[in-house]
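Written below as structure tokens is the structure these notes are about.
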Amino acid sequence: MTSYKLFVLPGDGIGPEVMAEVEKILAWLSEAGVVRFEVEKGLVGGAAYDAHGMAISEADMDRAKAADAVLFGAVGGPKWDHVPYDVRPEAGLLRLRKELELFANLRPAICYPALADASSLKRELVEGLDLMIVRELTGGVYFGEPKEIIDLGNGQKRGIDTQVYDTYEIERIGRVAFDLARKRRNKVTSSEKRNVMKSGVLWHEVISALHTREYPDVTLEHQLADALGMQLVRRPKQFDVIVTDNLFGDMLSDVASMLTGSLGMLPSASLGEKNPRTETRKALYEPVHGSAPDIAGKGIANPIAMIGSLGMALRYSFNLGDLADRVEQAIAGVLAKGIRTGDIAGDATESVSTAQMGDAILAELQAALA
Ligand code: NAD
């Protein structure tokens, strides 16, 4: 049986608590002979700072680079609010993203029927929602130069950020989106602001040419980013894969996240360039939420976003789509039985612990694979 190398970085706060539930699933999958994982564990964020004085050690960076995929919990917390800037907890995540060249951020927004009432939108608008936002993660206005505040000498200052995209950056994120669409409902919506931005004109041109050249079988539509924001809350089920730049993707994926109810439900993946020899990509999977210091240590965090991130790793790093489907079905099955952690409990009087939720999902998965 193929064995996959997973590097696990639980991090801080609720990170280790939700990761423990993923580790239970990994252990069972290996024991039961479903898939074999070689799991190594490292330190990141505040935990790494306490041990090594840095947000991730060189040795752990090397392990991350050697792994088939990295599973990341969460970093940060008040304990490290005053550590030097370059070793702050988030620096560990940023370094991983940079050195693994993770340019594509995938954020699915799935609304499980059992949770449709937890959304800020009406049930009929979100029930069964399943869309994917593909955000460019390493370019655009967050990184473009010049990036500065200059003193104009007349009592005024000027803040400058530069939105810049090259053809290759747009093409490679476009390919990720089209490839994904082929495995889903075969539709891509590309979004920019070509009516007012030159980078938007180029984005539109490059995505259109890529579509004609390599993906004519996929349906492509273009929506201006402001209109898309409106459509996301008006009729979100019209979308399958949305591809957009770093800035618009940042905002639109947060809007999409609210469609699904709780932060504790949202997984994500960050992917790098495809290795032409192995056909695999560097990849890091993490929940969208942070370390939640307000509930850390209480054993009540929702592990679903972290378990969903494992599901994404199975699908996108290991090509185990069927097993990923089973993980998602196990989550849906547990929710349909009314099992809830506090964040998604709504008016229900009873909620379960992190470990009870993890055990319930594992039991559901075991039953499905028996
Ligand atoms: P957060 O996501 O940690 O928490 C926001 C709110 O959502 C809190 O009330 C929290 O209790 C709740 N929540 C989050 N995840 C949950 C879960 N799985 N189950 C139940 N409830 C959950 O965001 P924050 O409070 O703004 O940040 C806390 C710390 O996390 C900060 O140090 C921040 O820098 C860091 N952070 C890290 C990451 C990351 O590691 N990728 C992302 C965001 C924030």
Side-chain angles (χ1 to χ4, degrees), residues 6-24 39-61 63-64 67 69-100 102 105 107 137 142 250 253-254 257-258 260-270 284-310 312-313 341-345 351-358:
L6 265 178
F7 187 46
V8 171
L9 289 167
D12 309 317
I14 63 168
E17 300 173 33
V18 293
M19 191 66 87
E21 302 313 307
V22 160
E23 289 175 84
K24 280 184 197 164
V39 182
E40 272 198 294
K41 215 161 154 174
L43 298 174
V44 70
Y49 178 79
D50 289 346
H52 308 297
M54 54 210 296
I56 184 164
S57 68
E58 296 303 325
D60 279 348
M61 272 311 299
R63 286 191 193 102
V70 178
L71 287 181
F72 184 99
V75 290
K79 182 179 173 195
W80 304 283
D81 276 352
H82 303 291
V83 306
Y85 186 77
D86 58 336
V87 291
R88 71 200 188 286
E90 291 76 11
L93 180 57
L94 296 178
R95 184 166 174 206
L96 283 159
R97 283 184 182 157
K98 183 158 182 263
E99 294 192 18
L100 300 180
L102 305 174
N105 186 225
R107 277 176 60 168
L137 201 59
Y142 292 172
D250 195 2
S253 58
D254 266 26
S257 73
M258 273 323 292
T260 68
S262 164
L263 216 46
M265 298 292 300
L266 293 165
S268 79
S270 300
L284 180 144
Y285 300 87
E286 59 174 325
V288 168
H289 63 72
S291 58
D294 54 335
I295 57 165
K298 297 184 181 164
I300 57 171
N302 186 348
I304 291 180
M306 190 72 245
I307 294 173
S309 302
L310 168 66
M312 292 188 83
T341 43
D343 57 314
I344 49 172
S351 55
V352 301
S353 69
T354 309
Q356 285 168 323
M357 178 58 97

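Predicted, not measured: the structure shown is a model, and the values here were computed from it.
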Could I get the full list of side-chain hydrogen bond (donor to acceptor under 3.5 Å, both in side chains) partners for [X], not counting sequence neighbours?
X    : result
T341 : N302, D343
E21  : K24
S291 : none
D60  : R63

CA sep, side-chain torsions, deciding dist, call: R107, D250, salt bridge (charged side-chain N to carboxylate O under 4.0 Å, His left out): CA-CA 10 Å; R107 277 176 60 168; D250 195 2; 5.4 Å; no
Minimum heavy-atom distance P10-K41, with the two atoms named: CG-CE, 3.8 Å
Least distance between heavy atoms, S270 atom then L137 atom: OG-CD2, 3.8 Å
Looking at side-chain heavy atoms only, is the closest gap between [X] and [Y] below 4.5 Å?
X    : Y    : value
E17  : I300 : no
L9   : I56  : yes
V288 : S257 : no
M265 : I344 : yes

Only pairs under 3.5 Å count here: list side-chain donor-acceptor contacts from residues 91-98, not counting sequence neighbours, and write none if there are none.
residue : atom : partner : partner atom : Å
R95     : NE   : E99     : OE2          : 2.8
R95     : NH1  : E58     : OE2          : 3.3
R95     : NH2  : E58     : OE1          : 2.9
R95     : NH2  : E58     : OE2          : 3.3
R97     : NH2  : E286    : OE2          : 3.3

Pairs touching residues 292-309 that satisfy salt bridge (charged side-chain N to carboxylate O under 4.0 Å, His left out), sequence neighbours left out: none
Nearest-0.5 Å distance, [atom1] of residue [X] to [atom2] of residue [Y]:
X    : Y    : atom1 : atom2 : value
D254 : L266 : CG    : CG    : 9.0 Å
N105 : S253 : CG    : OG    : 6.5 Å
I14  : T354 : CD1   : OG1   : 7.5 Å
L6   : E23  : CG    : CD    : 10.0 Å

Non-neighbouring partners of Q356 that pass side-chain contact (heavy atoms from CB on, under 4.5 Å), sequence neighbours left out: V352, S353
Partner residues of S309 under the side-chain contact (heavy atoms from CB on, under 4.5 Å) criterion, sequence neighbours left out: P267, Y285, P287, M306
Kindly list each side-chain donor-acceptor pair under 3.5 angstrom involving residues 42-53, sequence neighbours excluded, with atom names and distances?
residue : atom : partner : partner atom : Å
D50     : OD1  : W80     : NE1          : 3.1
D50     : OD2  : K79     : NZ           : 2.7

